[in-house]
Amino acid sequence: MSDLKLQHLEKVYDNKVKAVHDFNLDVRDGELIVLVGPSGCGKSTTLRMVAGLEDISSGNLIIDGKDVTQMPPKDRDIAMVFQNYALYGHMTIYENMAFSMMLRKENKNVIHQKVLAAAEILDLTSQLNKKPGQLSGGQRQRVAMGRAIVRTPKVFLFDEPLSNLDAKLRSATRREILLLHKRLNATMLYVTHDQTEALTLADRIVCMSMGHVQQIGTPLELYDTPANLFVASFIGLPPMNLFDVTVQDGKAVCEDFTVELTDEDKRTLAGYEGKTVTMGVRPEDVTEGGEIPVNVFSNENLGLNTLVNGNAGKHKITCKFRDWCTYKQGDTVKVSFKKKHFFDKETTNAIRV
């Protein structure tokens, strides 16, 4: 496998719309990088520039130390797995997996060995004589991955490969991709809008919005220390609770409640006395027992956890309690905040010590 460098990549379409702004990323050999963000944020466009399916307006793409910016897709030594599988319906699974090697006129014995090896890795050995229409969605996606594996490319690209699968198949196929990555020690660039995929698969995540990179880091870094309000609200399920508060005399004062600041909070907010900031609290950091009354309007039991949705005054709040709760609409539960995040109102950047 190989490393991959994206240096100041930009994409500007003919109508002058800029889809990707100054994208910089160094992907280490064997690393799995996930590009995540809402629809239209530029993540798929970035992947297609790496694949050669979109022209690069400016910047450089380096694969294994070689500048491939102007190279056609066939010469970049990458393999792409698409959302819609892109299989040939009239061919058998064996023929689909072997097709690219047959076009290159590789030795038939080598082709056979590679297809059988990939089929074994993906548990497709018994399906090789079938047509794609005879397989489930999950199996067809494994065929698409097998077709990429047999090429032994320098870089694997995945463009929302699980979007067409139901929830159970998505979970199973996600585990297969993770095992495949570990088994092949492959360099992978993976695009998704699903933060669960990003958090469970990635060595590092690139979070994007409106063509701009918002933060690059490990899943824990993006979850625990979001760089700005966008990352804080996008990463995490359910989303982070957000409140406008004024910093006053060691307290965060909201129009509906007041929160005592810890010593760490006070150090973080030094210089913000008398100013309004955005305070974020993840649902799992809301704990039962405290001074903030929440008027419950729904209770969602999830087994080991319960999502309790309600209002703290005029502010909606979601609490994720670790127990099985039986709150009813109209009940009041008093809560406190275990960990708080703070963001500058003007820049939306995280406030750090």
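Not measured: the values here are computed from a predicted model.
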Salt bridge between Lys339 and Asp224, side-chain N to carboxylate O under 4.0 Å? yes
Closest non-hydrogen atom pair, Gly280 against Leu242: CA-CD2, 3.8 Å
Do you know which two heavy atoms are closest between Cys325 and Thr306, and how far apart they sit? N-OG1, 3.0 Å
Over all atoms of both residues, closest heavy-atom pair of Asn349 and Asn228: OD1-CB, 3.8 Å
Looking at Tyr272, is Lys275 sitting on its ring face, NZ or CZ under 6.0 Å from the six-membered ring centre and within 45 degrees of the normal? yes
Heavy-atom pair of closest approach, residues Cys319 and Val335: SG-CG1, 4.4 Å
Passes ring pair (Phe, Tyr, Trp, His ring centres under 6.0 Å), His112 versus Tyr94? Steps please. CA-CA 9 Å; His112 187 67; Tyr94 182 100; 5.7 Å; yes
Sidechain N-carboxylate O distance under 4.0 Å for Lys340, Asp285: no
Between Arg204 and Glu221, does at least one N-O distance fall below 4.0 Å, as a salt bridge requires? no
Glu95 side-chain N/O to Thr92 backbone N/O, donor-acceptor pair under 3.5 Å: yes
Would you indicate whether the side-chain heavy atoms of Phe230 and Pro38 approach each other to under 4.5 Å? yes
Flag for Arg174-Thr200: side-chain donor and acceptor within less than 3.5 Å: yes
